[in-house]
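Comments concern the structure below.
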Amino acid sequence: KYKFLLCKKEKKYYTLYYKMNDDLIDLVYPCHKKDTETLVLAIQYAKKNIKNLRNIYVVSKTKLTDDAIWIGEDIFPFTFQDMIDKIGNHFRTGWNYAGWIHLHSAMYIPGILDNVLICDADTFFIKPVVFIENGISLFNISFSDGTALYFEHMTKLLNIPPQIKPPMSGVCHHILINKTILKSMMDHVEKKFNKPFWQAWIDVTLEKYNSCLPKFENMDNKHRGPGRATSYELYFNYALKFFPDKVKIRKLRSILSYKEFLNVK
């Protein structure tokens, strides 16, 4: 298999051919300037330990590092203001906006590979790790970071139940996304809601959640409470449900050190 790129240099065009590797992946870090300190370490460990890694992209408002390819947020069909218009401007606004970037980077970054590792900028791979084998995406699972609200959002959007038994979850702060699976999920949602995927993804969070405690559901702005959607859980369960021959769970040894909580004895 070969792909070609049409490259422009000094007002001349050159056709470049390169051999495809089905196990090759690109890596995307959606990032805010507050994440710069951990981003530096995350990139160092990614380059050292992620196998079959081609390019690393950082999606942010402004350029934050010279160690990766910078992608400005203006490539997407939505803006941060669009998220403010949907749910207001508070600590959850950027959190949900990152979810939009997670699920659209593989579709909008020019020249990106078909298999894209989406990763939080404070996640470090400290030992060698593989994310795809013979075209099969490898998923990790968590035992502590999923919530009933995430599953309810998934059910509202996709009409499918969890594909693994709670409290196990696909929220591991990284996931390998395949363009074919992602497009299928987006088409599924857009056909159901008759609107762009990014709009439907956030619009259902404005609905009443049966799994949400009344004190949060009755807030003036319910989005100031617990997170009501996650890109990771959504894609994880859709892929397991509709593409079981293209994905596989393999548990990584990991430590979740999150908001002063260390998930080991």
Side-chain angles (χ1 to χ4, degrees), residues 23-32 35-60 64-65 67-69 71 94-107 109 112-133 136-147 150 154 163-164 168-179 181-182 185 227 229-240 243 246-259 261 263:
D23 290 346
L24 207 61
I25 66 173
D26 281 336
L27 169 59
V28 173
Y29 291 108
C31 199
H32 186 272
D35 303 315
T36 305
E37 188 174 7
T38 57
L39 175 66
V40 172
L41 285 171
I43 291 174
Q44 289 178 5
Y45 278 108
K47 289 180 176 180
K48 179 181 179 181
N49 288 318
I50 296 178
K51 302 301 182 183
N52 296 316
L53 178 62
R54 189 188 70 157
N55 291 334
I56 299 178
Y57 298 90
V58 173
V59 178
S60 56
L64 302 176
T65 178
D67 295 330
I69 301 170
I71 301 294
W95 188 85
N96 282 287
Y97 182 65
W100 275 355
I101 295 175
H102 286 169
L103 291 170
H104 290 80
S105 289
M107 304 302 292
I109 293 178
I112 201 166
L113 293 173
D114 290 340
N115 293 294
V116 182
L117 181 65
I118 305 295
C119 190
D120 290 354
D122 57 358
T123 298
F124 308 145
F125 298 101
I126 59 175
K127 291 186 177 181
V129 59
V130 173
F131 284 101
I132 187 167
E133 289 181 339
I136 304 296
S137 300
L138 304 180
F139 290 163
N140 192 22
I141 52 173
S142 165
F143 294 93
S144 62
D145 218 23
T147 75
Y150 296 161
M154 177 187 71
Q163 299 302 296
I164 55 176
M168 288 192 296
S169 167
V171 181
C172 302
H173 308 275
H174 70 273
I175 195 164
L176 186 73
I177 286 180
N178 174 270
K179 283 185 183 179
I181 299 176
L182 178 63
M185 183 177 75
T230 173
S231 51
Y232 294 124
E233 198 77 84
L234 190 72
Y235 179 86
F236 175 88
N237 282 275
Y238 185 87
L240 286 174
F243 293 84
K246 298 295 184 181
V247 298
K248 182 173 68 174
I249 294 173
R250 59 91 174 85
K251 182 73 181 76
L252 293 177
R253 293 172 59 84
S254 58
I255 297 172
L256 177 63
S257 177
Y258 182 59
K259 291 183 179 178
F261 169 68
N263 193 31

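In this structure a side-chain-to-backbone donor-acceptor pair under 3.5 Å is missing from Lys246 to Asn178. Between the side chain of Lys51 and the main chain of Asp23, no donor-acceptor pair closer than 3.5 Å is present. A distance-only check finds a donor-acceptor pair linking the side chain of Tyr29 to the backbone of Ala42 [under 3.5 Å]. No donor-acceptor pair closer than 3.5 Å links the side chain of Asp114 to the backbone N or O of Lys179. Between the side chain of Ser142 and the backbone N or O of Ser169 there is no donor-acceptor pair closer than 3.5 Å. Asn237 contributes a side-chain N or O that, together with a main-chain N or O of Gln163, makes up a donor-acceptor pair within less than 3.5 Å.
Considering only heavy atoms from C-beta on, Tyr57 stays 4.5 Å or farther from Val116 through its side chain. Using a 4.5 Å cut-off on side-chain heavy atoms (C-beta onward), Arg250 and Val129 make contact. Side-chain atoms of Phe236 and Met154, non-hydrogen and from C-beta on, never get closer than 4.5 Å to each other. Looking at Ile109 and Ile69, their side chains never come closer than 4.5 Å, going by heavy atoms from C-beta outward. Under the 4.5 Å side-chain criterion, counting only non-hydrogen atoms from C-beta, Leu103 is in contact with Leu182. Between Ile50 and Ile25 the shortest side-chain heavy-atom distance falls below 4.5 Å. Leu240 places a side-chain heavy atom less than 4.5 Å from the side chain of Ile249.
The OH atom of Tyr238 sits 10.0 Å away from the CG atom of Leu234 when rounded to the nearest 0.5 Å. For the atom pair Trp100 CH2 and Ser105 OG, the distance stands at 13.5 Å (nearest 0.5 Å). Taking CD1 from Ile43 and OG1 from Thr65, the interatomic distance works out to 4.5 Å, rounded to the nearest 0.5 Å. To the nearest 0.5 angstrom, Ile101 atom CD1 is 8.5 Å from Ser60 atom OG. Residue Leu24 holds its CG atom at 8.5 Å from CG of Asn55, rounded to the nearest 0.5 Å. Here the straight-line distance linking atom CG of Leu39 with atom SG of Cys31 works out to 4.5 Å at 0.5 Å rounding.
Residues satisfying the side chain to side chain donor-acceptor pair (under 3.5 Å) criterion with Ser231, sequence neighbours excluded, are His102. The side chain to side chain donor-acceptor pair (under 3.5 Å) test applied to Tyr232 returns Asp120, not counting sequence neighbours. For Phe125, the ring pair (Phe, Tyr, Trp, His ring centres under 6.0 Å) partners two or more places apart in sequence, or in a different chain, are Phe131, His174. With sequence neighbours left out, Asn49 forms a side chain to side chain donor-acceptor pair (under 3.5 Å) with no residue at all. Here Asn140 pairs with nothing under the side chain to side chain donor-acceptor pair (under 3.5 Å) rule; sequence neighbours left out. Scored by the side-chain contact (heavy atoms from CB on, under 4.5 Å) test, Ala239 finds Phe139, Ile181, Tyr235, Val247 as partners (sequence neighbours excluded).
Between Ile132 and Ser137, the shortest heavy-atom contact is CG1-N, 4.3 Å. Of all heavy-atom pairs between Asp26 and Leu53, the closest is C-CD1, 4.2 Å. Pairing each heavy atom of Tyr150 with each of Thr230, the nearest pair is CG-CG2, 3.3 Å. When all heavy atoms are compared, the tightest approach of Gly170 to Ile164 is N-CD1, 4.4 Å.
Heavy atoms of other residues, nucleotides or ligands lying less than 6.0 angstrom from CZ of Phe243 number more than 12. Counting non-hydrogen atoms of neighbouring residues, nucleotides and ligands closer than 6.0 angstrom, the CG atom of Leu252 exceeds 12 such neighbours.
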task: Would you check, one step at a time, whether the test side chain to side chain contact (heavy atoms under 4.5 Å, CB included) holds for Val58 with Asp67?
output: CA-CA 9 Å; Val58 173; Asp67 295 330; over 6 Å; no
Side chain to side chain contact (heavy atoms under 4.5 Å, CB included) evaluation trace for Thr38 with Phe124: CA-CA 9 Å; Thr38 57; Phe124 308 145; 4.2 Å; yes
query: Does the side chain to side chain contact (heavy atoms under 4.5 Å, CB included) test come out yes or no for Ile112 and Val28, once each step is laid out?
result: CA-CA 10 Å; Ile112 201 166; Val28 173; 3.8 Å; yes
